[in-house]
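A quick write-up on the structure given underneath.
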Protein chains: 2
Amino acid sequence: MTKLSSDRLPDDERTLLLLGLLTEQDRHGYEINDFIERNLEAVIRLKKATAYQLLARLEEHGLIESRAEAQGQRPTRRVFRLTEAGRAHFQHLLLGHLPRTEALIPEGNVPVMFSEHLPPAVVLAALRERLAGAEEQLAAAQAASERSPCTSSVGLALERILWLSRADRDWLRAAVARLERELDTAAVR
Amino acid sequence: MTKLSSDRLPDDERTLLLLGLLTEQDRHGYEINDFIERNLEAVIRLKKATAYQLLARLEEHGLIESRAEAQGQRPTRRVFRLTEAGRAHFQHLLLGHLPRTEALIPEGNVPVMFSEHLPPAVVLAALRERLAGAEEQLAAAQAASERSPCTSSVGLALERILWLSRADRDWLRAAVARLERELDTAAVR
DNA sequence: ACCATATTAGTCAGTTCTGACTATTCTAGA
DNA sequence: TCTAGAATAGTCAGAACTGACTAATATGGT
């Protein structure tokens with residue numbers, strides 16, 4: 001079906017995600033990708049093409065199975081369902097992943113690191129722009145978090161993103177404030 | 001020299017990093033990789049093999065140039081130096097990257113999202129383990145941040161990681177506390 | 001005297017990811 | 001009645017990344 005390169009299954013969050021989504025109900029490809037795009041955009045990065053390749057591999061390994069579901073005129077859906085083996089593997093993966101502390105390495109550090117090579121006024125403008133973006137993300141995270149209660153697991157994960165987004169914004173605010181002060185005192189002299 | 005696949009240069013933080021490191025001084029391959037491994041581990045993920053491939057491409061594009069430097073018995077070093085074009089491109093990249101607000105998508109969300117599928121006691125134990133890891137990372141970030149003053153650009157970037165690490169730890173603490181309470185009240189009945 | 005680790009410099013096969021692309025049908029609006 | 005866009009389902013070539021590997025010397029500790 002799709003090009004399948006290796007014989008091992010990747011032991012990463014993406015695999016866990018697909019299995020997890022199928023734990024709750026059977027879904028067809030479009031549904032899965034649409035769900036991820038709509039609701040999980042902030043939670044994980046998983047592109048359509050990658051998802052299809054992963055699904056093919058999961059099926060190859062007998063963790064999921066698919067049946068065709070005719071749709072009248074529309075292209076036939078492939079509906080995926082978790083097998084028993086898949087359900088077991090999901091539990092196994094979950095147990096392995098949950099306690100793992102992943103290093104928190106956000107993007108966007110490198111340009112900051114070299115910002116001394118730019119005039120302070122330019123840096124200030126750039127950081128302000130970033131701050132605006134960060135405020136937006138925070139608002140989005142807030143909205144998402146409010147939609148599902150933090151007592152549920154999903155809410156818990158969303159809350160994590162909320163906290164991290166807030167920290168990022170606060171850091172940016174502090175940085176902007178510091179730069180403003182520096183520029184001010186420099187201007188006064 | 002190395003397999004070079006595309007003719008375009010990637011416009012990402014890795015490229016910016018390599019150019020940036022060479023802005024400050026000429027360096028040879030081992031030095032670059034060693035520096036990244038030692039000091040920038042928390043800032044960005046860039047593997048040795050990738051770095052060499054990138055360096056080859058940068059040279060191909062005339063942004064850097066290399067000279068061989070004999071070392072007596074030891075294998076000859078290749079020392080890289082930024083060209084004028086490279087310096088210009090660095091400034092250009094920096095200007096493009098600095099204002100960019102990258103989506104903050106940390107790893108480790110997915111397992112949390114599905115933690116309802118595990119018994120609460122197991123989840124609690126797992127989160128405690130994660131908390132221990134997070135404390136360690138926070139301590140490391142703290143130490144790194146204290147070593148360079150936050151008035152410098154590098155210090156600024158390190159401070160960001162510090163804030164984010166703290167937020168992550170705090171979130172974990174809150175989550176653990178909540179779970180403990182829940183388990184307690186469940187036990188009382 | 002010997003072993004483990006650091007210094008130094010890469011290479012490569014195999015794996016994974018992504019952007020761009022192809023089709024068809026349905027639906028709401030102009 | 002057209003038409004633009006969403007729904008639907010993927011595929012594929014090419015780009016990128018990584019783990020594992022090779023080599024030779026130096027050096028510090030036991």
Side-chain angles (χ1 to χ4, degrees), chain A residues 1-18 26-38 41 44-61 64 66-80 103 105 107, chain B residues 1-18 21 26-39 41 44-61 64 66-80 103 105 107:
Chain A
M1 156 140 305
T2 323
K3 175 179 45 174
L4 11 118
S5 17
S6 101
D7 41 343
R8 292 163 311 159
L9 259 180
D11 162 33
D12 59 13
E13 291 195 30
R14 297 130 144 51
T15 306
L16 186 61
L17 174 63
L18 292 181
D26 298 359
R27 296 168 193 260
H28 53 97
Y30 187 88
E31 204 181 343
I32 291 176
N33 285 118
D34 188 57
F35 186 84
I36 294 175
E37 216 173 291
R38 266 189 223 286
E41 193 208 1
I44 192 173
R45 217 183 287 264
L46 176 57
K47 293 299 169 76
K48 208 155 68 96
T50 311
Y52 276 115
Q53 280 170 56
L54 261 182
L55 284 170
R57 287 226 253 147
L58 289 176
E59 184 161 24
E60 218 198 323
H61 280 258
I64 62 178
S66 68
R67 61 178 138 65
E69 196 170 83
Q71 293 286 301
Q73 304 311 119
R74 300 234 190 127
T76 304
R77 288 172 173 166
R78 279 227 342 260
V79 179
F80 297 95
I105 308 183
E107 296 182 349
Chain B
M1 158 140 305
T2 323
K3 176 179 45 176
L4 11 117
S5 18
S6 101
D7 41 343
R8 292 164 311 159
L9 259 180
D11 162 34
D12 58 14
E13 292 195 30
R14 296 128 144 53
T15 306
L16 186 61
L17 174 63
L18 291 180
L21 288 180
D26 298 359
R27 296 168 193 260
H28 53 97
Y30 187 88
E31 204 180 345
I32 291 176
N33 284 118
D34 188 58
F35 185 84
I36 294 175
E37 217 174 291
R38 267 190 223 286
N39 307 312
E41 193 208 3
I44 192 173
R45 217 183 286 265
L46 176 58
K47 293 299 169 76
K48 210 155 66 97
T50 311
Y52 275 116
Q53 280 169 56
L54 260 183
L55 284 170
R57 286 224 254 150
L58 289 176
E59 184 161 23
E60 218 199 321
H61 280 258
I64 62 177
S66 68
R67 58 173 146 45
E69 197 170 82
Q71 294 284 303
Q73 303 311 119
R74 302 234 189 127
T76 304
R77 290 171 173 168
R78 279 228 341 260
V79 179
F80 297 94
I105 308 184
E107 296 181 350

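Each chain gets a letter, A, B and so on, in the order its sequence line appears, and its residues count up from 1.
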Checklist entry - Nearest to the side chain of Tyr52(A), which nucleotide is it out of dT11(D), dT18(C), dG19(D)? => result dT11(D)

Next on the checklist: Rounded to whole Å, how long is the line connecting atom CG of Asp34(B) with atom C1' of dT5(C)?
Outcome noted: 13 Å

Checklist entry - Looking only at N and O atoms, is any donor in the side chain of Gln53(A) or the base of dT18(C) less than 3.5 Å from an acceptor on the other one? => result yes

Checklist entry - Does a side-chain N or O from Thr50(A) land closer than 4.0 Å to OP1 or OP2 of dC17(C), or not? => result no

Checklist entry - What residues, two or more places apart in sequence or in another chain, satisfy side chain to side chain donor-acceptor pair (under 3.5 Å) together with Glu41(A)? => result none

Checklist entry - Is there a side-chain polar atom (N or O) of Arg57(B) under 4.0 Å from OP1 or OP2 of dA16(D)? => result yes

Checklist entry - Under 4.5 Å between any side-chain heavy atoms of Ile36(B) and Leu21(B), yes or no? => result yes

Checklist entry - For dT8(D), does OP1 or OP2 lie under 4.0 Å from any side-chain N or O of His28(A)? => result no

Checklist entry - Hey, does Arg27(B) have a side-chain heavy atom less than 4.5 Å from the side chain of Phe35(B)? => result yes

Item to check | Side chain of Arg77(B) (C-beta onward), nearest among dT16(C), dA9(C), dT18(C) | outcome: dA9(C)

Checklist outcome for this item: Looking only at dA9(C), dA7(D), dT16(C), the nucleotide nearest the Tyr30(A) side chain is dA7(D)

Checklist entry - Rounding to a whole Å, what distance do you find between Asp11(A):CG and dG19(D):P? => result 13 Å

Item to check | Side chain to side chain, Leu54(B) and Pro10(B), heavy atoms closer than 4.5 Å | outcome: yes

Checklist entry - Using a cut-off of 4.0 Å on non-hydrogen atoms, how would the nucleic acid contact of Arg14(B) be classed: base, sugar-phosphate, or nothing? => result sugar-phosphate

Checklist entry - Below 4.5 Å, heavy atoms only, C-beta onward: do Ile32(B) and Leu55(B) meet side chain to side chain? => result yes

Next on the checklist: Is there, by distance only and without an angle test, a donor paired with an acceptor across the side chain of Lys48(A) and the base of dG10(D) below 3.5 Å?
Outcome noted: yes

Next on the checklist: Check Arg78(A) with Glu59(A), please: is the shortest side-chain N to carboxylate O separation under 4.0 Å?
Outcome noted: yes

Checklist entry - For the helix from dA1(C)-dT30(D) to dA30(C)-dT1(D), what angle lies between the axis at the first five pairs and the axis at the last five pairs, to 10 degrees? => result 40°

Item to check | First of Ala49(B) and Arg38(B) reached from the 5' end of DNA chain C, by closest nucleotide | outcome: Arg38(B)

Checklist entry - Closest to the Asp12(A) side chain: dC17(C), dG19(D), dT8(D)? => result dC17(C)

Checklist outcome for this item: note: Glu13(A), atom CD; dT16(C), atom P; distance rounded to Å ~ 16 Å

Checklist entry - Can you check whether Phe80(B) reaches Asp26(B) side chain to side chain, under 4.5 Å on heavy atoms? => result no

Checklist entry - Which whole-number value in Å describes the distance from Lys47(A) NZ to dC17(C) C1'? => result 9 Å

